[in-house]
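Here is the structure we will look at.
Naming: A, B, ... by sequence-line order, numbering from 1 per chain.
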Amino acid sequence: MAGANSWSLPKPRPNGPPFFSRSQISTVLHQVGVLLELNGANPFRTRSYLNGSRTLSAMTNDLYEYVSNGTLVDIKGIGKGLASGITQAVEEGDWPKSWAELFETTPSGLIEMLGIPNLGPKRIKMMHDELGVENIAELAAAAEAGLIEPMKGFGKKSQQKIIDGIELLHRFHARRRLNIGQRYGEAFEALISGIPGVIKAQLAGSTRRRKETIGDLDIVLAVDLDRHEAVTKSILGLQGIADVKGAGDSKVSLILDTSLFSDGFQLGHIDAQVLDAIGGDAYEQLESGGTIDAQIRLVEPHHFPYTLAYFTGSVEHNIRLRKRAIERGLRLNEFGLIPDEKAGGLKGIEAAQYSLLANDEADIYRHLELNYVVPELREDTGEIEAAESGDLPELISYSNIRGALHNHTTLSDGAASLEQMANAAIQMGWSWLGISDHSQSLKVANGVGPDALLAQGKLIHRLNQQWDKDGTDFRIFQGVESDVLAGGKLDYSDDILATLDHVIASVHAITKWRARDEVTNTEELIKTMENPYTTILGHPTGRILQGRDGFPVDMHEVLRATAELINDGHTKAIELNASPYRLDLDWRLCKYAKELGVPISINPDAHSLAGLFDVHHGVQIARKGWLEKGDILNSKSADELSAYFSG
DNA sequence: GCCGTTTTCGGCCCGACTGTTTTCAGTCG
């Protein structure tokens with residue numbers, strides 16, 4: 001969960017019940033769980049709050065219905081305790097006293113400290129209790145002054161690790177965006193693959209699951225036992241290693257830097273608004289001097305599928321698999337799947353000599369009577385159930401993409417002309433491209449006035465005619481990225497809007513929207529969708545990954561309202577902004593949009609030719625969000641899309 | 001705090017690594 005800054009309990013909406021939304025309750029449960037951790041509570045108690053939060057965030061039914069029927073306890077993972085707290089909040093607008101006290105008595109600086117690598121709640125609490133440390137700045141000062149080292153259970157190394165960890169946190173907020181992780185991970189994986197003795201090398205962890213941000217890199221290697229030492233030695237000689245944190249026979253911990261990339265680390269063109277949110281020019285400097293942690297694990301080939309599955313995660317998915325194994329008289333660990341009676345008292349790798357054989361991960365799922373689950377779906381958001389019943393989705397792939405909407409040109413703040421963008425799309429094998437420059441109110445992005453927009457329309461018309469005459473299978477759709485004005489109004493008069501193929505409505509007054517409450521924002525977004533000229537809601541929450549949180553909004557509600565509009569015959573879709581800095585709509589909501597029948601448009605929001613390639617990032621996230629070919633606009637042919645726009 | 005074909009107690013996924021210890025606690029995935 002992003003942004004640990006200044007947690008506080010939300011205020012009840014004025015006209016309840018319900019006084020709080022499902023997403024608000026979910027957030028509070030998560031925060032209570034973390035605060036309990038920091039207060040040294042029973043870890044299982046902590047977990048039940050975190051589980052409860054997860055359950056609610058994945059839940060798509062109306063929470064208030066459960067509350068008013070008194071059926072909350074029927075939900076698995078919600079017991080008497082959580083149910084009574086939730087009920088009190090939703091029905092009376094009042095948080096349980098014990099929860100409120102946690103918020104009041106826990107310094108918010110402690111929450112931020114959880115972001116420091118290798119520092120968890122126990123030691124944070126200890127330093128708070130013994131040294132009076134209340135925030136990261138005070139912790140840094142205490143470490144620099146040598147106050148940590150003499151404490152029981154700490155030492156010189158832990159003190160230095162804290163100093164280093166704070167430095168890392170300040171530079172990168174500890175986590176990195178997926179695209180950065182993939183570039184480091186894939187480059188290093190390729191280097192390792194070339195080492196003699198390495199039978200297989202595979203990037204695992206959250207990068208393989210395509211999480212939008214990642215902590216560090218996990219790479220699993222299949223290596224014969226007698227080659228482990230030689231391979232480890234070779235790894236330590238590879239380029240790109242800034243530091244070796246540890247090197248044993250089965251695990252190597254490294255810090256990688258940009259010397260991994262022979263031709264340097266280039267970021268490419270970044271949309272000015274995005275760049276602003278992630279630190280401006282200093283950001284590029286930061287990334288070029290950046291580092292990333294990597295863990296390499298060496299196992300024998302017959303363990304490889306188990307180790308790969310284990311380190312791919314997620315933790316929640318693995319827990320479900322292990323429980324399933326237990327129900328079948330089996331034990332699952334990172335080395336094997338072992339029948340109980342054979343394992344006896346043996347543990348770990350010792351027990352694994354009796355493991356069932358697995359040539360690949362699919363075999364592991366087969367042993368557990370499940371269909372194979374691709375890494376993107378391993379988040380325990382219903383994939384186990386679907387794998388059991390045979391209802392796993394047939395996920396989209398890049399080959400389904402025939403074009404993309406939401407692209408900018410030099411007419412507003414793009415770096416390439418209309419013709420250049422179109423030619424690039426043709427080169428990519430697409431059969432259509434949607435152009436949507438910024439609307440007139442967005443002065444900082446050189447927003448387009450009505451006359452220039454109409455002129456662009458004429459140019460597009462001419463180009464389309466030309467391609468038609470040439471027999472070139474390509475078409476441009478003219479849209480606009482309209483600012484959302486007060487009351488869900490769009491940025492042009494109706495007669496101008498009527499000339500366009502599509503209108504992407506995007507909120508850009510982020511500061512104002514972030515300062516407002518969830519209810520107001522939700523209503524405004526719904527009004528925006530209700531505007532007859534709105535076709536697509538652009539970057540729905542305005543978040544910038546590792547830059548800023550989105551504005552508060554109940555996207556479930558917005559999606560439900562959108563579904564109703566679609567049922568009434570309107571043409572509406574939601575953007576999955578494919579920029580690796582945004583990836584907004586969040587993948588967690590894609591699955592719900594799909595269930596409601598709300599189409600998703602994977603939009604690169606390209607501000608340059610290279611920006612069009614961001615569609616690849618969007619496809620990855622769409623897959624993570626369970627989307628199939630029929631759920632996205634990008635798989636339509638030009639004729640199908642044209643028909644879709646005209647309703 | 002949740003859960004239950006061992007249901008009101010006593011479990012809760014499992015193992016490795018690190019740094020600190022001399023048998024273990026904390027953290028991570």
Side-chain angles (χ1 to χ4, degrees), chain A residues 29 32-33 36-37 40-55 72-86 96 98-99 113-114 116-127 148-162 165 174 204-209 211 214-218 220 245-253 293 295-299 303 306-327 330-338 343 346-352 378 380:
Chain A
L29 289 186
V32 169
L36 281 170
E37 254 186 331
N42 176 341
F44 297 106
R45 188 172 165 227
T46 297
R47 187 183 298 168
S48 42
Y49 278 89
L50 298 179
N51 278 342
S53 166
R54 261 172 50 79
T55 305
L72 265 180
V73 286
D74 294 344
I75 302 171
K76 199 169 157 53
I78 309 282
K80 266 189 182 168
L82 292 183
S84 101
I86 295 169
S98 64
W99 298 4
M113 281 187 221
L114 281 171
I116 300 169
N118 301 310
L119 200 55
K122 296 253 168 60
R123 297 201 296 170
I124 289 172
K125 179 172 159 49
M126 198 190 291
M127 290 186 293
I148 309 281
E149 188 186 335
M151 287 174 59
K152 199 177 169 201
F154 289 78
K156 221 182 187 63
K157 283 204 174 173
S158 350
Q159 181 167 277
Q160 189 56 44
K161 268 191 152 180
I162 287 172
S206 41
T207 317
R208 184 168 181 236
R209 295 202 318 279
K211 274 287 286 289
I214 60 136
D216 54 13
L217 301 172
D218 291 285
V220 181
K245 287 167 75 180
D249 274 350
S250 61
K251 181 178 167 180
V252 181
S253 291
D293 282 17
Q295 259 93 62
I296 325 304
R297 289 177 167 87
L298 290 76
V299 293
H303 290 147
Y306 289 105
T307 313
L308 179 62
Y310 185 88
F311 285 106
T312 296
S314 66
V315 175
E316 291 81 6
H317 180 85
N318 286 351
I319 289 174
R320 290 291 304 274
L321 291 187
R322 283 194 209 105
K323 283 186 180 164
R324 206 175 160 86
I326 292 169
E327 288 162 15
L330 297 163
R331 261 188 247 164
L332 179 63
N333 65 26
E334 66 192 89
F335 302 111
L337 182 59
I338 309 114
L346 296 177
K347 290 202 156 191
I349 200 163
E350 309 255 299
R378 300 181 194 168
D380 190 20

(message) Both A/L332 and A/S158 contact DNA chain B. Which one's nearest nucleotide lies toward the 5' end?
(response) A/L332
(message) I want to confirm an ordering. Mapping A/A83 and A/R47 to their closest nucleotides on DNA chain B, which one lands closer to the 5' end?
(response) A/A83
Interatomic distance where [atom1] belongs to [X] and [atom2] belongs to [N] [whole Å]:
{"X": "A/D74", "N": "B/dC3", "atom1": "CG", "atom2": "P", "value": "10 Å"}
{"X": "A/I162", "N": "B/dG19", "atom1": "CD1", "atom2": "P", "value": "12 Å"}
{"X": "A/I296", "N": "B/dC17", "atom1": "CD1", "atom2": "P", "value": "14 Å"}
{"X": "A/I326", "N": "B/dC12", "atom1": "CD1", "atom2": "P", "value": "8 Å"}
{"X": "A/E37", "N": "B/dG1", "atom1": "CD", "atom2": "P", "value": "16 Å"}
{"X": "A/E316", "N": "B/dC14", "atom1": "CD", "atom2": "P", "value": "16 Å"}
{"X": "A/R54", "N": "B/dC2", "atom1": "CZ", "atom2": "C1'", "value": "15 Å"}
{"X": "A/I148", "N": "B/dT20", "atom1": "CD1", "atom2": "C1'", "value": "15 Å"}

4.5 Å side-chain heavy-atom contact, [X] and [Y]:
{"X": "A/I86", "Y": "A/L29", "value": "yes"}
{"X": "A/F154", "Y": "A/M126", "value": "yes"}
{"X": "A/D380", "Y": "A/R54", "value": "yes"}

[X] (side chain) donor-acceptor with [Y] (main chain) under 3.5 angstrom:
{"X": "A/S314", "Y": "A/H317", "result": "yes"}
{"X": "A/R378", "Y": "A/A309", "result": "no"}
{"X": "A/R297", "Y": "A/D218", "result": "no"}
{"X": "A/T307", "Y": "A/E334", "result": "yes"}

Integer angstrom distance from the [atom1] of [N] to that of [M]:
{"N": "B/dT8", "M": "B/dG1", "atom1": "C1'", "value": "14 Å"}
{"N": "B/dG11", "M": "B/dA16", "atom1": "P", "value": "23 Å"}
{"N": "B/dC2", "M": "B/dT6", "atom1": "P", "value": "23 Å"}
{"N": "B/dT20", "M": "B/dG26", "atom1": "P", "value": "14 Å"}
{"N": "B/dC12", "M": "B/dT7", "atom1": "C1'", "value": "15 Å"}
{"N": "B/dT18", "M": "B/dT22", "atom1": "C1'", "value": "16 Å"}

(message) Can you identify which nucleotide, out of B/dC3, B/dG1, B/dG15, has its nearest atom closest to the A/R45 side chain?
(response) B/dG1
(request) Quick one: do A/M127 and A/L119 satisfy side-chain contact (heavy atoms from CB on, under 4.5 Å)? Show the steps, please. (result) CA-CA 11 Å; A/M127 290 186 293; A/L119 200 55; 3.9 Å; yes
(request) Decide if atom CD of A/Q160 counts as having more than 12 heavy atoms of other residues, nucleotides or ligands within a radius under 6.0 Å. (result) yes
Tell me what [X] touches on the nucleic acid: a base, only sugar-phosphate, or nothing, going by heavy atoms under 4.0 Å.
{"X": "A/K152", "result": "nothing"}
{"X": "A/I78", "result": "sugar-phosphate"}
{"X": "A/N318", "result": "nothing"}
{"X": "A/L82", "result": "sugar-phosphate"}

(message) At less than 3.5 Å, do the side-chain atoms of A/N51 and the base atoms of B/dG1 form a donor-acceptor pair?
(response) no
(request) Go ahead and name the base partner of B/dC28; Watson-Crick or wobble counts if both distances stay under 3.5 Å, otherwise write none. (result) B/dG15
(message) For a quick check, with a 4.0 angstrom heavy-atom cut-off, what is the B/S/- contact string for nucleotides 23-29 of chain B, read 5' to 3'?
(response) ---SSSB
(message) When you measure from the side-chain N and O atoms of A/S250 to the phosphate of B/dC17, is any distance below 4.0 Å, counting only OP1 and OP2?
(response) yes
